[in-house]
Amino acid sequence: MNVTSYMDYTSPDIQFTYDLNQNTVFKKDPSNFINELSIKQLNTLDNLSLLDIYLSKTNIIEPHYHQNAAELIYCICGSMVVSILNPFTKELLHFPICPGQVANVPQGWWHYEVTTQDNTHVLAIFNAPVPDTINGSDLLRLTPANILAHTYCLDESKVKNTLSPIKETTVIGPPLGCCEQGYSYPNVSHQAQQGYGSQPYVSQNYPAQGYYSQGYTQQYLQQPSVQQPLYSQYPGIRE
């Protein structure tokens, strides 16, 4: 819902600046945290808010959606893959972004972001005074296991066992102390790499067992130096 500001610009309480470092809304560790700016912090904002996000490689902004806003993700440094589920085509699309590039997520669309380089810094900008978020971890942990089991014809005991480690909202995954094995990145073919910045990467194009591939980790996500941007590894993708 759009909100129109009727701010009294003669008020002594009027605010035009704010230090985002004073409003860290989630911190996993010193390298993975999120600062937030909304009308709650800066009262002259109208239909605008943002998240200032810092991430290290292999960290994920968990699957979620924003019911009240579209989201524009702008990469300042590092790199990530923004994955979006198109609710109309049922396609899962993957958009790698590096410095100076953006990915747009329409309002209410399910999405997540996988960091592919250390020291990644992005801004998530919303067309709402305060961004509302529904996180996948909350949907999973707060929906009764018997409901999930009955709805999808699953073994209730296995559902409970699988979801039992999710005790709170994840936000940045995997949680500290997680002992997961075998994680790698979404597979993106060489052809998709050449179309970087213009073509979506649709999961149905890849075999189910190959969605997370070692080849992608070794080739596409090899960490570049500061002097060598991610896109420079693949000539022609920005020309």
Side-chain angles (χ1 to χ4, degrees), residues 1-2 34 47-51 53 55 58-75 78-117 120 122-128 130-140 142-143 148 151-152 154 169-174 183-213 215-217 220-221 230-231 234 237-238:
M1 180 179 68
N2 290 338
I34 302 173
N47 296 309
L48 178 70
S49 53
L50 63 83
L51 297 177
I53 304 172
L55 298 166
T58 76
N59 279 268
I60 300 175
I61 299 295
E62 71 163 311
H64 64 284
Y65 67 92
H66 308 284
Q67 70 271 32
N68 70 329
E71 177 180 2
L72 183 66
I73 303 169
Y74 173 75
C75 184
S79 60
M80 66 167 41
V81 178
V82 179
S83 296
I84 307 171
L85 178 62
N86 186 322
F88 300 102
T89 65
K90 310 305 180 186
E91 293 176 323
L92 182 60
L93 310 174
H94 306 289
F95 300 98
I97 59 173
C98 62
Q101 297 182 323
V102 302
N104 189 46
V105 182
Q107 181 175 340
W109 285 29
W110 189 248
H111 61 287
Y112 55 91
E113 296 91 46
V114 180
T115 313
T116 55
Q117 191 176 348
T120 290
V122 301
L123 289 182
I125 305 165
F126 304 90
N127 59 343
V130 180
D132 292 333
T133 304
I134 303 296
N135 289 295
S137 56
D138 291 334
L139 296 178
L140 291 172
L142 299 177
T143 303
L148 292 173
T151 302
Y152 304 111
L154 304 173
T169 308
T170 300
V171 185
I172 299 176
Y183 176 81
S184 58
Y185 295 92
N187 181 41
V188 176
S189 67
H190 180 71
Q191 181 179 5
Q193 294 166 10
Q194 296 302 315
Y196 179 96
S198 61
Q199 298 296 322
Y201 312 119
V202 185
S203 63
Q204 68 183 21
N205 291 342
Y206 310 104
Q209 296 302 317
Y211 183 72
Y212 295 109
S213 72
Y216 180 83
T217 304
Y220 185 72
L221 297 178
L230 183 65
Y231 54 76
Y234 304 99
I237 58 178
R238 286 256 317 213

Subject >> Close side-chain approach of T151 to T143, heavy-atom, < 4.5 Å >> reply: no
Original post:
Quick one: CG on L72 to CD1 on I125, what's the gap to the nearest 0.5 Å?
Top reply: 5.0 Å
Original post:
About how many Å separate CG of L93 and CG of N86, when rounded to the nearest 0.5 Å?
Top reply: 6.0 Å
Original post:
How close do G78 and P99 get, heavy atom to heavy atom, and via which atoms?
Top reply: O-CD, 3.1 Å
Subject >> Atom pair OH (Y74) and CD (Q101), whose distance is rounded to the nearest 0.5 Å >> reply: 10.0 Å
Original post:
Any side-chain heavy atom of I60 sitting closer than 4.5 Å to one from T115?
Top reply: no
Original post:
Taking side chain as C-beta onward, heavy atoms only, is V105 less than 4.5 Å from Y65?
Top reply: no
Original post:
If we only count heavy atoms from C-beta on, is the S49 to V130 side-chain gap below 4.5 Å?
Top reply: no
Original post:
Taking atom NE2 of H64 and atom CG of N135, what is their separation to the nearest 0.5 Å?
Top reply: 7.0 Å
Original post:
Do any N or O atoms from the side chain of E91 and from the backbone of L85 form a donor-acceptor pair under 3.5 angstrom?
Top reply: no
Subject >> Residue pair L92 / Y112, side-chain heavy-atom distance below 4.5 Å >> reply: yes
**OP:** Output the distance between atom CD1 (I53) and atom CG (L123), rounded to the nearest 0.5 Å.
**Re:** 8.0 Å
Subject >> For the student: nearest non-hydrogen atoms of L55 and M80, plus distance >> reply: CD1-CE, 3.8 Å
Subject >> Nearest heavy atoms of T170 and E62, plus distance in Å >> reply: N-OE2, 3.2 Å
**OP:** Please tell me if the side chains of P87 and W110 come closer than 4.5 Å, counting only heavy atoms from C-beta onward.
**Re:** no
**OP:** Take V122 and E113 through the side-chain contact (heavy atoms from CB on, under 4.5 Å) test and state the conclusion after the steps.
**Re:** CA-CA 11 Å; V122 301; E113 296 91 46; over 6 Å; no
Original post:
Nearest heavy-atom pair of V102 and I97: which atoms, and what distance?
Top reply: O-CG2, 3.7 Å
**OP:** Check step by step if side-chain contact (heavy atoms from CB on, under 4.5 Å) holds for T120 and N59.
**Re:** CA-CA 10 Å; T120 290; N59 279 268; over 6 Å; no
Subject >> Heavy-atom closest contact (H94 atom, S83 atom, distance) >> reply: ND1-OG, 2.6 Å
Subject >> Any donor-acceptor pair under 3.5 Å from D132 side chain to N68 backbone >> reply: no
Original post:
Hey, what's the ring geometry for H111 with H66, parallel, tilted or perpendicular (30° and 60° as the breaks)?
Top reply: tilted
**OP:** Hey, could you give me the CD1/CZ distance between I84 and F95, rounded to the nearest 0.5 Å?
**Re:** 5.0 Å
Original post:
So, does T116 use its side chain to make a donor-acceptor pair with the main chain of S79 at under 3.5 Å?
Top reply: yes
